[in-house]
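These values consider heavy atoms only, across backbone and side chains, with no hydrogens, waters or symmetry-generated copies.
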Amino acid sequence: MTHTPGPWEIGTGAKSYNVCSKLPDTSPSSIVAEHIWELDDARLIAAAPAMLDALKACVVGRHEKHCANLGCSTCTARALIQQNEGETA
């Protein structure tokens, strides 16, 4: 599964916010999400590609197998990455 490449940026609609991909000046941007009523929600959505990249970087080199610790942040991060990429945990 692939998503619209980041970075994403916030645009303003008539009464709401939009999140668009920030592509090079020669390419048209594409709308990722629209009609977002709260600025904080738009900020969170716009940060998603960067947060996913950061999460992936955090688990590099960490234990590769699921451990028995239910509160393991590495295992939780791996599960979220797999969910985002359409894989089963």
Side-chain angles (χ1 to χ4, degrees):
M1 173 187 277
T2 59
H3 59 76
T4 303
W8 295 348
E9 62 186 359
I10 299 170
T12 305
K15 295 182 180 180
S16 63
Y17 300 96
N18 300 318
V19 175
C20 303
S21 63
K22 185 177 180 183
L23 299 174
D25 292 337
T26 58
S27 303
S29 63
S30 65
I31 294 176
V32 175
E34 59 186 339
H35 306 298
I36 304 163
W37 304 113
E38 299 295 331
L39 180 57
D40 288 343
D41 293 338
R43 286 180 180 141
L44 182 62
I45 294 167
M51 288 191 295
L52 179 60
D53 289 343
L55 193 60
K56 287 179 178 179
C58 287
V59 300
V60 169
R62 302 263 180 154
H63 62 276
E64 297 295 324
K65 295 184 179 183
H66 185 71
C67 65
N69 182 355
L70 294 177
C72 177
S73 59
T74 301
C75 291
T76 301
R78 286 190 192 286
L80 290 169
I81 292 167
Q82 289 176 336
Q83 178 183 355
N84 177 75
E85 294 177 349
E87 300 173 14
T88 56

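- Atoms CD1 and CD1, on Ile10 and Ile36 in that order, are 8.0 Å from each other to the nearest 0.5 Å.
- Partners of Lys22 under the side chain to side chain donor-acceptor pair (under 3.5 Å) rule, at least two apart in sequence or in another chain, do not exist in this structure.
- Taking CD from Glu85 and CG from Leu80, the interatomic distance works out to 11.0 Å, rounded to the nearest 0.5 Å.
- The minimum heavy-atom distance between Tyr17 and Ala42, with the atom names listed, is CB-CB, 3.9 Å.
- Sorted by first and then second residue, the side-chain hydrogen bond (donor to acceptor under 3.5 Å, both in side chains) pairs with a member in residues 39-52 read Asp40-Arg43; sequence neighbours excluded.
- Under a hydrophobic-cluster definition in which Ile, Leu, Val, Met, Phe, Trp and Tyr are linked whenever side-chain heavy atoms come within less than 4.5 Å, directly or via other members, Trp8 and Ile31 are assigned to different clusters.
- Residues Val59 and Ala77 come closest through the heavy atom pair CG1-CB, 3.5 Å.
- Side-chain atoms of Ser21 come within 3.5 Å of backbone atoms of Ser30 as a donor-acceptor pair (strictly under, hydrogens ignored).
- Under a hydrophobic clustering in which Ile, Leu, Val, Met, Phe, Trp and Tyr are joined whenever their side-chain heavy atoms come within less than 4.5 Å, directly or via other members, Ile81 and Leu44 fall into different clusters.
- Taking all atoms of both residues into account, the shortest heavy-atom contact from Pro49 to Ala46 is CD-O, 3.6 Å.
- Atoms NZ and CG, on Lys56 and Asn84 in that order, are 7.0 Å from each other to the nearest 0.5 Å.
- Under a hydrophobic-cluster definition in which Ile, Leu, Val, Met, Phe, Trp and Tyr are linked whenever side-chain heavy atoms come within less than 4.5 Å, directly or via other members, Met51 and Val19 are assigned to different clusters.
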